[in-house]
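Within every chain, numbering begins at 1; the chains are lettered A, B, ... in the order of the sequence lines, protein sequences first and strands thereafter. These numbers were taken from a predicted model, which means no experiment stands behind them.
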Protein chains: 2
Amino acid sequence: MSASQIQMDPALPPRESWADINDDCPIFQSLGVLSTRSAFLVLREAFYGATRFDQFAQRADISEPVAAARLKELTEAGLLEKHPYREPGQRTRNEYVLTDKGADLLPTLLALFRWGERWVFGDGIRADIAHASCGASVDAVVTCEHGHRVPPGELRFRRNPARAS
Amino acid sequence: MSASQIQMDPALPPRESWADINDDCPIFQSLGVLSTRSAFLVLREAFYGATRFDQFAQRADISEPVAAARLKELTEAGLLEKHPYREPGQRTRNEYVLTDKGADLLPTLLALFRWGERWVFGDGIRADIAHASCGASVDAVVTCEHGHRVPPGELRFRRNPARAS
DNA sequence: GTTCTGGCTATGAGATACCTAAGTCAGCTA
DNA sequence: TAGCTGACTTAGGTATCTCATAGCCAGAAC
């Protein structure tokens, strides 16, 4: 096997014989909410500070019906929350803010961001996300609970584990 | 602004006025290859050890035409490589293996995996990915180049930076 | 009351993604 | 030479995603 593959626990049966191969997979489940491009773009804008309907539509460069559909889905899925607010002299409006569940997608978005920089833009860096207090660029780094940086070849998949935490 | 939003460099103009808002965005560019559910599933199986056509189709639980289309796209995009090989008494076949570019999506997939575990499965953990040499669970952790673990509130977005590296 | 504006909603059409079922094709086996 | 098998490909249909355009509605402003 190549160094980029995840080692499978030798005690596991061959993958072909697993039941519910997708229903039991957290990646597949995550894609339930995130299967469309516009969902990623709406979340991107939420992280970049958008809260209002027209901001999402305009900044993500998606049509209003799509923005409405995505905001509704993401709200129903618990990634965004609708908060009514009122500016003086204006009627009540809703703003959409990230919940903890939505905010927890930051490592995923950041990993995608960095991958795109490295492999699509290459050296022509157009933007950067940095640690505000020290100025260094950030990335989503594969790390174990003991704080080790883990190279791909040292990953092992196992089922129903007794988790160390 | 909420603690989950990324701070924008104050020197930047308001986001509404940015040109090429998506063309310049590495997330958007990454979604060019990864906009479908089946692309994620095919990559998942590549990380789990699939190399042959029927393994991808069966293990990802997608139809053969979709598997063929995705393998072709991912190969053309440089995430997978086709390698002819031959087992004794068999004719030549192709195996599909992750390139460096494809393997570099591991943090993204892992981040999605962990998010699904936390927010879809909750405590009913069905699987785990661990550091083989120490046994601890791994995650994709937002970390700066100086090694700091960076909380969401301390992220800052900036454009055309002089990168520290 | 009439107008205006922000925040959606409705409609219809085109592209994409997926499925099942059937077909092709190379090369080993008998 | 006539299967057989693994690796796709083709055909045809449904569902989903997206767009552009147009409409609706609440609540100021006038």
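Side chains of B/His131 and A/Glu154: a donor-acceptor N/O pair is present below 3.5 angstrom, by distance only.
The backbone N or O of B/Lys101 sits less than 3.5 Å from a side-chain atom of A/Trp115, completing a donor-acceptor pair.
Among the atoms of the strands shown, only primed sugar atoms or phosphate atoms (P, OP1, OP2) are found under 4.0 Å from some heavy atom of A/Thr36. Within 4.0 Å of B/Tyr96, counting heavy atoms only, lie sugar-phosphate atoms of the nucleic acid but no base atom.
Checked against C/dT9, D/dT9, D/dC17, the side chain of A/Ser35 finds its nearest nucleotide in D/dC17. In this structure, the nucleotide among D/dT9, D/dA22, D/dA20 sitting nearest to the side chain of B/Ala68 is D/dT9. Distances were taken from every side-chain heavy atom of A/Val66 (C-beta onward) to each of C/dT9, D/dT18, D/dT9; the shortest belongs to D/dT18. The side chain of B/Arg52 has D/dG6 as its nearest neighbour among D/dC17, D/dG6, C/dG6. Of the candidate nucleotides C/dG7, C/dA21, C/dA22, C/dA21 has the atom nearest to the side chain of B/Pro65. Side-chain proximity of A/Phe53 to D/dC8, D/dT21, C/dC8: nearest is C/dC8. The side chain of B/Arg37 lies closest to C/dC18, out of D/dT9, C/dC18, D/dA22.
C/dG7 atom P lies 13 Å from atom NZ of A/Lys82, rounded to whole Å. Between the CG atom of B/Asn22 and the P atom of D/dC19 there is a distance of 10 Å, given to the nearest Å. As a whole-Å value, the separation of A/Gln58 CD from C/dG6 P is 11 Å. In this structure, the CZ atom of B/Arg70 is 17 Å from the C1' atom of D/dA7, given to the nearest Å. Here C/dT5 presents its P atom at 19 Å from CD of A/Gln55, a figure rounded to the nearest Å. Atom CG in B/Leu31 sits roughly 14 Å away from atom C1' in D/dC17 (whole-Å rounding). The distance from atom CG of A/Asn94 to atom P of D/dG27 is 12 Å, rounded to the nearest whole Å. If you measure from atom CG of A/Leu71 to atom P of C/dC8, you get 8 Å, rounded to the nearest angstrom.
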Do A/Arg44 and A/Phe113 pass the side chain to side chain contact (heavy atoms under 4.5 Å, CB included) test, and can you show the C-alpha distance, the side-chain angles, and the key distance before you say yes or no?
-> CA-CA 10 Å; A/Arg44 179 191 73 187; A/Phe113 185 100; over 6 Å; no
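Residue B/Asp54 qualifies as enclosed at atom CG: its count of foreign heavy atoms under 6.0 Å is above 12. Atom CG of B/Asp100 is surrounded by 12 or fewer heavy atoms from other residues, nucleotides or ligands within 6.0 Å.
Checking the phosphate oxygens (OP1, OP2) of D/dC17, no side-chain nitrogen or oxygen of A/Ser38 falls inside 4.0 Å.
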